[in-house]
Every structure is written in C-alpha cells, then in structure tokens.
Amino acid sequence: MTEQAPAGDVAEGDGTDLLAVRRAKLDALRAAGIEPFPHDFDGVEPIEAVRERHAGLEDGAETEVSHRIAGRLRARRGQGKMAFLDLDDRSGRIQLQAKLDVLGPERMSRLLDDVDLGDLLGIDGVAFVSRRGELTLRIEDFTVLAKSLRPPPDKHHGLQDTELRQRRRELDLIGNEETRQAFVTRSRIVSEIRRYLDGEGFLEVETPVLQPLYGGALARPFVTHHNALDRDFYLRIATELYLKRLIVGGLERVYELGKNFRNEGISHKHNPEFTMLEWYEAYADVEDAANRLEACVQHVARAIGYEGETRWTEPWKRQTLAGAIEEATGIDVLAHRSSEELAAVIRDAADVDLDPAGRTWPQLVDDLLSKYVEPHLQQPTMLFDYPVELSPFAKAKRNPDGSETGLVERFEAFAHGMEIANAFSELNDPDEQRRRFEEQARLELAGDDEAQPYDESFIEALEQGMPPTGGLGLGIDRLVICMTGRRTIREVVLFPAMRD
RNA sequence: GCCCUGGUAGCUCAACUGGUUAGAGCAGCGGACUCUUAAUCCGAAGGUUGAGGGUUCGAGUCCCUCCCGGGGCACCA
C-alpha cells in the first residue's frame, strides 16, 4: 500500500502527489467551515427512481421537480462558468449541471476546486433534459458527504487488474458497473431462493459450523482448535448430517443456506469457503427433490428476470448417469462392476484417454463423468441412478422384482459444464447406513483419502427413526456463475481466497 | 504440489532482435471555455519497470532465486 502523505506539507504542490492534493482539499473544506464527514443526509431518492419519474421527456424539456440524491462523483466536464458532473449510486448514474449563476462564486468554487472525483456528494437539484437528450439535475445545492482521500479507478476503463479487483473489491464495485450488477444479482438470487422455500413451508435453520466430526460429503476438512475445551474441531464440509437429525426430530421441512469449507485446491469453480443450500423434506423422495429443484430455480430465474442462453424455465433434461457415460464413451460401467474389469475396458476404449491405474471403481466412474460427460452439459440436466459406491447416504434403488441394482436413488444436476446440485432419497435404515460407513472405511484403505468418517451419533439418530426423506444440496456460487454469465467463482464471491 | 504465462506512472496501455533521457490516454496540477457526456484546447509535472542477485560496454527486455496474479494438470462441489 502507498504511504500516506505527511500532514501539513500539503497546501502547495505540483499535483504529482495525488494523496497530498486530496488532503489539501480536505483542509480547504474545513477552513471554509464545511464538515467533510457529516453524520447523515436524509430523504435521499434512488437515481433509478428519478429516471423513472421523468421517462419520456423530450430533449431540452425543463421541469420544476426537485430531487435529493446522493452518491459518488464519477466524472466532471468543466466549462468555466458551467460544468457537467456524473454521479453514481447503487441504482445507476445521472448527470448533474452546476451553473455559476445558480450556485454563486463561493459554492461553485467549492464544487469545482475542492471536490474530487470519487467524493461522496448529496445533491438537491431540479430535473431537466439537456439539448442532447440526457436527463440532468441542475444543482441547487450540494453537500459533501464524505471526502475521498484516494484516487478512484479510471473513469472510462474501470479497474482491469484481476488481482486488484479481488483484493480491493470496493474499487471493483466503484469502477465496474458489471461487477456491481453481478453482486446485486447474487443477492437477489439468494433472497428469491429463501422466498421460494419459505413459501413451501420450509424452516430455515442453523447448524454447527464447528463440528467435532465432519461428514456429509467427500472432502478434506479444515481443522481448528478450541482453547478452553482443548480439542480440535472441524469446519463443516456439509450440513447434511445435522439437518437429517432435525428431520428425525420432526421439523419435517428444513433448509440451511450458508458457508461450507473444504480444504481442497482452488480453481475457477472451487473456493475454499463456498455457499451451499441444503434442504430436507420428510415424506419425499428423489423425484420430489428433482421437481422441487426445477421449480425453485425456475422461480429464481423468473424473479431476477434472467435473459441469458440457459433454458432454466423449460423442463430440464433427465437421463441416467450410466446412460450419459455410455452415450459419451461407449462404455457401460454397470456391466463392469469391479475396478479391474472397468480399468481394462477403459484401457481398450479408443476414444477414452484416462489412466485407470490405482483408481477404485467409483473413482473410475467419476473420472469418466468429469472428463467426458460433465463438460458437455451446458443446459440444465439431471443425471439419475448413481452407483451405491459413490453415494454413502442415498437409499438403494430396487428393481420392480425386488432384486438389487447396485444403484441408489440419486441425481446430480449440471449446467454450464458444472455440477450445481446433488440430491437423493435419504438413507434412513440405520443398519444399512452403518454398513455404508464401513464400506467407506474400506475404500479409504484402498486409497480414497476423502472417504467418510464413521459418525456414531448420526447412526443413533437414524435408529430413533427418520421418515422417508428427500434431500438436496445446491451450490449457490455456481448457480450465480450460471445466472450472471460470469466465468469463475472468483467473479461471484466478493472476497475470494488469495495469498497474503 | 507440478507445468505454462504475466507484473511498466494513481488507473488503462505502449516500448522492435539487448542500444540515446522508458512513451501515450485518463486522473491530478496551472490556464481558457455557460448544453457537455471517454468534453475540448494550451502548459508544466508525474517511474526503485514486483523484490533481490547475475551476465553485458549497455538490461523493462537475457539468466537465477523469491513474492503476487492468470491459465492448465492433480484433488474436489
């Protein structure tokens, strides 16, 4: 960071020390009896509302309507005895006109000499439309609301440097309209998801972030330490197990929308902390979860006025996982249920370039999915019927004749080549759940370092009796990527993880 | 963790094959201008080229180490 200029030596200068120049103007305002950091400014109207009020006026039209607005000074086009300025607030931008014959020499000089681009101003002005058709407020009075002591980003190019944009997001938000739009949209997406679920009788709940044992997903956790208890805790990797205990407790429809933490690599679709929605619905199954996901996302897309290429509001494509893999690679994974057998088929497949050495059977299926299927799923798609080995918390799918399929009732939803959601008919047979945990332990020994730890208190909860339940997890950051047309998770997380 | 690639003024970008004093625009400073909108015009400024070392008569440019981004691989959602 740049050093602050020493106080005092700022009254005169050649203008090369940008910070000193701004501090000198701060002093000049105070010397003129103007408080540069006042406490409030009442009765402010959003710029967007001013625009709506005067929509349709002709070029050159005058009004007698006065407005009070507030925002950041973005540009100034001086003309001696008259000047145009642009002011931004969250809702948009509007042009201001400052005239010597309206403001008088004293206030005109304050506005043009002591106010800088980037300062926060309150404006009282009368609306008119310029000769060239721009809605403008003629400034009757103005108030400095906060002096800006650092220069703003380039008024035309904004802030381009990706590192600066993420480390100093406030500058990105000031300088880049698209950034502000993306985060406003993110906020609306989250609130519309809540509105939908609340309207469907779900309760929003909060479960522990610090957990004595992590679980509910396949991932490595962060570890932290509680001093008074002198023991380690894990930051949650999922809310799944606690939420299901609430279903056991009779809350029937619950959701939690919050941060999860996974100690994995960082990429354009992975941030160490990320926002996840999970909901659980008693007396429902995977089909109900699928229909509800579709309804929920469709509600959101309509509510935010989504206008991109993705067909959220049409019925989503649904197919089986095995079918999608076979379509893409010609390999029928269900016909080769051991790692050795599947590895041999993968080696023989002409169009498949994967090294199956040392991979377990579920890992191989996952490899095929991630490399040959997932990247091509641009439009919303649900893949059903996952192998039981990949799904330790999902209920088995049965053939009509009652025979085993080796599959579970589960789907994952994809869009823009990314997984965005994961859902299943929740396993509620405690003995079967215990066997799945033991199978996870076996996989861990076989080389899967992210297998589930055994959670006895969760088993006990299932022994208490959990109703049949449909559960779903939705990656909020990824949904926001898709709905805002951004390329990476860093573009939709305000302060993504970075080195110090 | 590995591979590739980048870091030049407050911001956005130039600078050929290693060659004079590292250049523009915006912002800032001084001046002109009462309907401009990337306002315009005149003038004067503004740089430890990410940091450190090396090669060379000479380094923004080549080499090494480190720091911080971006892309890819691996791992994951």
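Sequence lines set the chain letters: A, B, ... in the order given, protein chains first and strands last, and positions in each chain run from 1. Keep in mind that the numbers below use all heavy atoms, side chains included, and drop hydrogens, waters and symmetry copies. These figures come from a predicted structure and were not determined experimentally.
The strand RNA chain B forms stems, runs of 3 or more Watson-Crick or G-U wobble pairs with distances below 3.5 Å, at B:1-7 with B:67-73, B:10-13 with B:23-26, B:29-32 with B:40-43, B:50-54 with B:62-66.
Residue pairs meeting the salt bridge (charged side-chain N to carboxylate O under 4.0 Å, His left out) criterion with at least one member in residues 352-361 of chain A, sequence neighbours excluded: A:R359-A:D367. Within the structure, the side chain to side chain donor-acceptor pair (under 3.5 Å) test picks out the following pairs touching residues 470-481 of chain A (sequence neighbours left out): A:R186-A:D477, A:H270-A:R478.
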Short N/O separations, protein against nucleotides 38-46 of chain B, under 3.5 angstrom:
unit_1: B:rA38; atom_1: N3; unit_2: A:H156; atom_2: ND1; d: 3.2
unit_1: B:rA39; atom_1: OP1; unit_2: A:K155; atom_2: NZ; d: 2.1
unit_1: B:rA39; atom_1: OP2; unit_2: A:R77; atom_2: NH1; d: 3.3
unit_1: B:rA39; atom_1: N7; unit_2: A:G78; atom_2: O; d: 3.3
unit_1: B:rA39; atom_1: N6; unit_2: A:G78; atom_2: O; d: 2.4
unit_1: B:rA45; atom_1: O2'; unit_2: A:D14; atom_2: OD2; d: 3.4

Can you name the atoms? Protein N/O to nucleotides 4-8 of chain B N/O, anything below 3.5 Å, with the distance.
none

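Considering only residues two or more places apart in sequence or on other chains, A:E177 meets the salt bridge (Lys or Arg N to Asp or Glu O under 4.0 Å) condition with A:R180. Annotation: salt bridge (Lys or Arg N to Asp or Glu O under 4.0 Å) contacts of A:D86 (sequence neighbours excluded): A:R77. Partners of A:H416 according to the ring pair (Phe, Tyr, Trp, His ring centres under 6.0 Å) rule, which considers only residues two or more places apart in sequence or in another chain, do not exist here. Every side chain to side chain contact (heavy atoms under 4.5 Å, CB included) that A:A295 has, sequence neighbours left out, goes to A:Y196. With sequence neighbours left out, A:E178 forms a salt bridge (Lys or Arg N to Asp or Glu O under 4.0 Å) with no residue at all. By the salt bridge (Lys or Arg N to Asp or Glu O under 4.0 Å) test, A:K395 is found to be paired with no residue, residues two or more places apart in sequence or in another chain being considered. The ring pair (Phe, Tyr, Trp, His ring centres under 6.0 Å) search around A:F384 returns A:F411, not counting sequence neighbours.
Within 4.0 Å (heavy atoms only), A:L18 reaches at least one base atom of the nucleic acid. When heavy atoms are screened at a 4.0 angstrom cut-off, A:R131 is found touching base atoms of the nucleic acid.
One donor-acceptor pair, N or O on each side, does fall under 3.5 Å between the base of B:rU36 and the side chain of A:Q95.
Toward the 5′ end of RNA chain B lies the nearest nucleotide of A:R490, the other residue of the pair A:R490 and A:F261 mapping further downstream.
Counted by atom type alone, A:T360 and A:Q363 present one or more donor-acceptor pairs between their side chains at under 3.5 Å.
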